[in-house]
Amino acid sequence: MKVLLIGEKNDFKGEIEKVTGIGRYARELLIGLREKVEVSALPLYDHSSLYSSLGSIIKGIFYDYSKYDIIHLIAPKPFFPLRKGNAVWVTTVHDLFFLKYKESKPICLLWRNFTLRVY
């Protein structure tokens, strides 16, 4: 079985001890899967500039995904591949705590931060 992990440009490199959040999850997933299946990492998303973002989109569109059995998007990002093949697509959604804790919805946080600065 061949698995492809798609993430941000810095999700798969560097020391794991210095990383938190989605980057940490991506690295631990890569390390854990290497023990069980053939896995590759594609650091596709680069948002360091407008040109890098456009390059990421173009690379994602034209990359050949047909040789993989499972393709895992580490985080939900815009993604429109042309050569998908027959792979199963998986997306991990992070940070859904606002569904349970209504006061932590992004719009509530923005409003609270705005009102604190105004008064």
Side-chain angles (χ1 to χ4, degrees):
M1 178 183 306
K2 293 179 82 175
V3 177
L4 177 66
L5 303 177
I6 301 175
E8 300 270 341
K9 73 172 186 174
N10 294 321
D11 280 352
F12 304 108
K13 64 180 182 180
E15 296 178 34
I16 194 168
E17 294 80 20
K18 297 181 179 180
V19 180
T20 61
I22 295 173
R24 177 76 179 237
Y25 165 76
R27 291 178 197 190
E28 291 194 5
L29 183 62
L30 180 64
I31 291 167
L33 284 175
R34 280 188 176 149
E35 298 171 4
K36 311 242 185 252
V37 296
E38 185 179 342
V39 64
S40 302
L42 177 61
L44 181 61
Y45 298 103
D46 179 4
H47 302 294
S48 58
S49 71
L50 178 61
Y51 296 113
S52 298
S53 294
L54 290 173
S56 297
I57 292 169
I58 292 168
K59 183 179 176 184
I61 289 172
F62 293 106
Y63 190 85
D64 184 10
Y65 302 95
S66 63
K67 58 187 172 187
Y68 298 100
D69 300 309
I70 298 174
I71 298 170
H72 184 169
L73 292 167
I74 302 296
K77 304 270 186 195
F79 190 68
F80 310 103
L82 291 179
R83 296 180 287 184
K84 294 189 272 191
N86 294 323
V88 174
W89 291 79
V90 178
T91 300
T92 300
V93 179
H94 303 269
D95 300 331
L96 295 175
F97 63 93
F98 66 88
L99 294 174
K100 183 169 183 173
Y101 303 100
K102 303 296 183 200
E103 67 276 5
S104 64
K105 280 188 178 178
I107 194 69
C108 293
L109 291 175
L110 287 172
W111 179 253
R112 187 174 63 206
N113 287 340
F114 174 76
T115 55
L116 289 175
R117 288 187 187 130
V118 171
Y119 296 108

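In this text the structure is predicted, and so the values were computed from the model without any measurement.
Aromatic ring centres of Trp89 and Tyr68 lie farther apart than the 6.0 Å criterion allows.
Considering OG of Ser40 and CD1 of Ile6, their distance stands at 10.5 Å, rounded to 0.5 Å. Distance CZ/Arg34 to CG/Leu29: 10.5 Å, rounded to 0.5 Å.
Contact detail for Lys67 and Lys2: the closest heavy-atom pair is O-CD, 3.4 Å. Summarising the geometry of Ala26 relative to Leu5, their closest heavy-atom pair is O-CD1, 4.5 Å, with the distance given to 0.1 Å.
Linking Ile, Leu, Val, Met, Phe, Trp and Tyr residues whenever their side-chain heavy atoms come within less than 4.5 Å places Ile57 and Phe62 in a single cluster. Cluster membership for Tyr51 and Ile58, using ILVMFWY side-chain heavy atoms within less than 4.5 angstrom, is not shared. Tracing side-chain contacts under 4.5 Å through hydrophobic residues (I, L, V, M, F, W, Y), one never reaches Leu54 starting from Tyr63; they form parts of separate clusters.
Although no hydrogens or angles enter the test, the distance criterion places no donor-acceptor pair under 3.5 Å between the side chain of Asp69 and the main chain of Ala87.
Under the 4.5 Å side-chain criterion, counting only non-hydrogen atoms from C-beta, Ile74 is not in contact with Glu8. Residues Val39 and Leu30 form a side-chain contact, since some pair of their non-hydrogen atoms from C-beta on lies under 4.5 Å apart.
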Show your working on side chain to side chain contact (heavy atoms under 4.5 Å, CB included) between Met1 and Ile70 and close with a plain yes or no. CA-CA 8 Å; Met1 178 183 306; Ile70 298 174; 3.5 Å; yes
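Shown here are the side chain to side chain contact (heavy atoms under 4.5 Å, CB included) partners of Lys59, two or more places apart in sequence or in another chain: Leu42, Leu44.
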